[in-house]
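The model shown is predicted, which means the values in this text are computed figures rather than measured ones.
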Amino acid sequence: MNVNYNMTAKDLFNAKSSSKSVKDYIGVTLSATGCAVVDITDKATGEVKTVGYIATNEGVVGFTSDVMMDAMDDLADYMESVNAPVEIQFHENTSNAGKKFYTMEIM
């Protein structure tokens, strides 16, 4: 899956090397200006990993959460429809098996 709304090649380059963690922004309202989902290939192993990025007023937040990745198409569509920064919040939840996972909410 490849998604890109309002993130340049420069934004993605910087995101790969210095993105922030979702867990550091749980419950914080952020202003999102762009989002992307990209495949990154480990040059040593050839393994391909899918990573999501959201550009915010606090910098780019990166994640590999499948739950959040599933919402990225919808987030990109919503951001395009309003054509303005979108306020979002990240939430941490625990599955019935005890595993933590992250979700995102448009405010």
Side-chain angles (χ1 to χ4, degrees):
M1 164 199 327
N2 279 340
V3 173
N4 189 331
Y5 175 74
N6 202 33
M7 291 190 73
T8 66
K10 178 182 176 183
D11 294 332
L12 293 173
F13 176 87
N14 290 335
K16 289 177 186 177
S17 63
S18 63
S19 63
K20 300 170 187 293
S21 175
V22 168
K23 67 182 177 183
D24 295 333
Y25 293 94
I26 300 300
V28 176
T29 300
L30 300 171
S31 180
T33 58
C35 63
V37 176
V38 297
D39 291 330
I40 297 175
T41 304
D42 184 311
K43 292 181 182 177
T45 66
E47 178 185 1
V48 177
K49 180 169 73 169
T50 303
V51 180
Y53 298 112
I54 300 175
T56 76
N57 57 308
E58 293 288 326
V60 177
V61 178
F63 52 88
T64 57
S65 164
D66 289 337
V67 173
M68 288 186 42
M69 216 77 71
D70 287 343
M72 293 297 285
D73 273 330
D74 294 331
L75 177 62
D77 289 346
Y78 181 74
M79 291 175 81
E80 186 172 18
S81 74
V82 299
N83 197 28
V86 174
E87 289 190 341
I88 61 170
Q89 275 190 8
F90 299 117
H91 303 287
E92 182 179 80
N93 299 291
T94 305
S95 71
N96 291 336
K99 183 178 177 184
K100 289 185 180 182
F101 65 95
Y102 300 103
T103 59
M104 174 179 34
E105 177 182 14
I106 296 173
M107 306 308 290

Fill in: Non-hydrogen atoms of Met79 and Ala32 that approach each other most closely
CE-O, 3.5 Å

Worksheet item: What closest approach, in Å, do Ala15 and Val60 show between heavy atoms, and which atom pair accounts for it?
Response: CB-CG1, 3.6 Å

Discussion item. Show me the pairs that pass salt bridge (Lys or Arg N to Asp or Glu O under 4.0 Å) and involve residues 74-84, at least two apart or across chains.
Written reply: none

Under 3.5 Å, which donor-acceptor pairs do the side chains of residues 20-28 form with other protein atoms, sequence neighbours left out?
| from | atom 1 | to | atom 2 | distance (Å) |
| --- | --- | --- | --- | --- |
| Ser21 | OG | Lys23 | N | 3.4 |

Fill in: Where Leu12 and Ala36 come nearest, the two heavy atoms and their spacing
CD2-CB, 3.7 Å

Practice prompt. Check whether any side-chain heavy atom of Met69 lies under 4.5 Å from a side-chain heavy atom of Phe63, and answer yes or no.
Written response: yes

Worksheet item: Does Asp42 use its side chain to pair, donor to acceptor, with the backbone of Glu47 at less than 3.5 Å?
Response: no

Donor-acceptor contacts, no H, no angles, side chain residues 83-94, under 3.5 Å, sequence neighbours left out:
| from | atom 1 | to | atom 2 | distance (Å) |
| --- | --- | --- | --- | --- |
| Gln89 | NE2 | Thr29 | OG1 | 2.8 |
| His91 | NE2 | Glu105 | OE1 | 2.8 |
| Glu92 | OE2 | Tyr102 | OH | 3.4 |
| Asn93 | ND2 | Thr103 | OG1 | 3.2 |

Practice prompt. With rounding to the nearest 0.5 Å, note down the distance linking CE in Met104 to CG in Leu75.
Written response: 5.0 Å

Worksheet item: Mind checking what makes side-chain contact (heavy atoms from CB on, under 4.5 Å) contact with Thr41, not counting sequence neighbours?
Response: Val48

Worksheet item: Which pairs with one or both residues in residues 6-18 pass side-chain hydrogen bond (donor to acceptor under 3.5 Å, both in side chains), sequence neighbours excluded?
Response: Thr8-Asp11

Worksheet item: If you measure from NZ on Lys100 to OG on Ser65, what distance do you get to the nearest 0.5 Å?
Response: 14.0 Å

Practice prompt. With sequence neighbours left out, write down each residue that passes side-chain contact (heavy atoms from CB on, under 4.5 Å) with Thr56, or none if nothing qualifies.
Written response: Leu30, Ile54, Glu58, Val61

